[in-house]
Amino acid sequence: MTEVLLEARGIAKRFGGVQALKDVSLTINRGEIYGLIGPNGAGKTTLFNVFTGLYPRDGGEVLCCGSPLNLESPHQVAAAGIARTFQNIRLFGNMTALENVMVGRHLRTKAGVIQAILRTRAERTEEAAIRRRADELLHYVGIADRADDLARHLSYGDQRRLEIARALATEPKLLALDEPAAGMNATETAALRGLIEGLRRDGLTVLLIEHDVKLVLGLCDRVAVLDYGVKIAEDVPEAVRANPKVIEAYLGASVD
């Protein structure tokens with residue numbers, strides 16, 4: 001039985017006189033890879049930012065597991081189980097790869113400021129567990145051998161993997177990836193695809209915004225297409241590829 005994890009109903013967003021999103025509704029099912037595509041300026045990142053608490057919406061609502069999602073801040077969204085990466089990598093460049101992942105894990109910690117200052121036994125035990133989990137996630141994304149390297153010294157592809165590991169450290173229900181293949185070469189893109197497929201096999205739900213339409217249509221279970229802030233299609237990849245409105249939105253070119 002299909003279970004809806006995230007549902008958007010009638011999302012609207014304006015920037016001054018520009019209607020960036022108009023009555024956008026969609027559903028993301030638990031355990032699927034859901035793609036969001038569209039031409040430049042279509043509203044993809046705006047919708048993404050609404051989902052993750054960066055932009056306040058002007059209308060509509062978002063539900064997670066059937067309950068209204070508090071979208072007041074990115075921190076609250078992350079605590080509710082939605083983690084994201086960014087199109088422009090946002091790592092702590094002067095921290096190690098391991099430390100970057102540990103930062104993400106601290107969202108789920110229980111120790112307070114006083115316990116951290118006093119270095120209580122409970123705080124030390126929890127910190128050790130955070131370090132172990134961070135190390136596990138670096139192994140999972142394939143960069144365990146770079147654990148002690150500063151994030152700014154990693155290759156571009158490894159920085160993308162590190163961002164995913166940090167997001168996974170929050171224990172998300174939904175992992176939202178914003179242009180993860182941007183700037184990657186063919187080898188890095190293939191490795192990214194394998195990683196995302198592995199996430200799905202392990203039960204995670206993935207929302208993917210990506211300009212590489214071939215990657216999206218070859219990877220996702222279902223795809224939504226935005227054009228000028230309006231959803232013009234939502235279907236399985238084969239149907240989206242053949243949709244006349246989608247072809248027209250891509251300047252008359254096939255999306256093969």
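Worth saying up front: this structure is predicted, and the values here are computed from it rather than measured.
In this structure, V216 and I209 have side chains that are not in contact, with every pair of non-hydrogen atoms separated by 4.5 Å or more. At a threshold of 4.5 Å between non-hydrogen side-chain atoms, the residues V246 and R241 do not count as touching. In this structure the side chain of T205 never reaches within 4.5 angstrom of the side chain of N29, judged on heavy atoms. Side-chain atoms of L195 and V141, non-hydrogen and from C-beta on, do get closer than 4.5 Å to each other. Using a 4.5 Å heavy-atom cutoff, the side chains of E99 and V103 are not in contact. Between I89 and R160 there is a side-chain heavy-atom pair separated by less than 4.5 Å. A 4.5 Å side-chain heavy-atom check between N185 and Y156 finds every atom pair outside the cut-off. Side-chain atoms of D23 and V230, non-hydrogen and from C-beta on, never get closer than 4.5 Å to each other.
K44 places a side-chain N or O within 3.5 Å of a backbone atom of G38 that can act as its donor or acceptor partner. Between the R105 side chain and the A169 main chain, a donor and an acceptor come within less than 3.5 Å of each other. Using a distance-only test at 3.5 Å, with no hydrogens or angles considered, a donor-acceptor pair links the side chain of N100 to the main chain of F92. Not a single donor-acceptor pair under 3.5 Å links the side chain of K13 to the backbone N or O of L47. A side-chain donor-acceptor contact under 3.5 Å links E210 to the backbone of D212. With hydrogens and angles disregarded, a donor-acceptor distance shorter than 3.5 Å links the side chain of D221 to the backbone of I33. Using modelled atom types, no side-chain atom of E163 and backbone atom of L91 make a donor-acceptor pair closer than 3.5 Å.
One finds the CZ atom of R161 at 7.5 Å from the CD1 atom of I164 (value rounded to the nearest 0.5 Å). How far CG of L69 is from CD of Q76: 9.5 Å, rounded to the nearest 0.5 Å. Considering CG of D149 and CG of D158, their distance stands at 9.5 Å, rounded to 0.5 Å. Here the CG atom belonging to L192 is positioned 4.5 Å from the CE atom belonging to M184, to the nearest 0.5 angstrom. The distance from atom OG1 of T46 to atom CD of Q19, rounded to the nearest 0.5 Å, is 11.0 Å. Atom CG of residue L36 and atom CG of residue L207 lie 6.5 Å apart, to the nearest 0.5 angstrom.
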Decide yes or no on side chain to side chain contact (heavy atoms under 4.5 Å, CB included) for L162 and L138, but give the supporting numbers first.
CA-CA 7 Å; L162 179 56; L138 289 176; 3.8 Å; yes

Intermediate values then yes/no, side chain to side chain contact (heavy atoms under 4.5 Å, CB included), L199 and Y140:
CA-CA 10 Å; L199 292 170; Y140 186 87; 3.5 Å; yes

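Here the shortest heavy-atom pairing between L154 and A97 reads CD1-CB, 4.4 Å. The shortest heavy-atom contact between L5 and K173 is CD2-O, 3.5 Å. Closest approach of K231 to S25, counting heavy atoms only: NZ-O, 2.7 Å. The two residues L174 and L6 have their closest heavy-atom pair at CD2-CD2, 3.8 Å. Between A167 and P172, the closest heavy-atom pair is O-CD, 3.6 Å. Residue L150 comes nearest to G93 through the heavy atom pair CB-O, 3.6 Å, listed as atom of the first residue, atom of the second, then distance.
The number of heavy-atom neighbours closer than 6.0 Å to OH of Y228, taken from other residues, nucleotides and ligands shown, is 12 or below.
No continuous path of hydrophobic side-chain contacts links V236 to I28 [ILVMFWY only; heavy atoms under 4.5 Å]. The hydrophobic cluster containing V4 does not contain V223, counting ILVMFWY residues as joined when their side-chain heavy atoms lie under 4.5 angstrom apart, directly or transitively.
No salt bridge links K245 with E248; every basic N to acidic carboxylate O contact stays at or beyond 4.0 Å. A salt bridge does not link E127 to R131: none of the charged side-chain nitrogens sits closer than 4.0 Å to a carboxylate oxygen.
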Distance-only criterion, 3.5 Å: show the donor-acceptor pairs between side-chain atoms of residues 51-64 and protein atoms not counting sequence neighbours.
from, atom 1, to, atom 2, distance (Å)
T52, OG1, F48, O, 2.9
T52, OG1, R84, NH1, 3.0
R57, NE, G60, O, 2.9
D58, OD2, R14, N, 2.6
E61, OE2, R9, NH1, 3.2

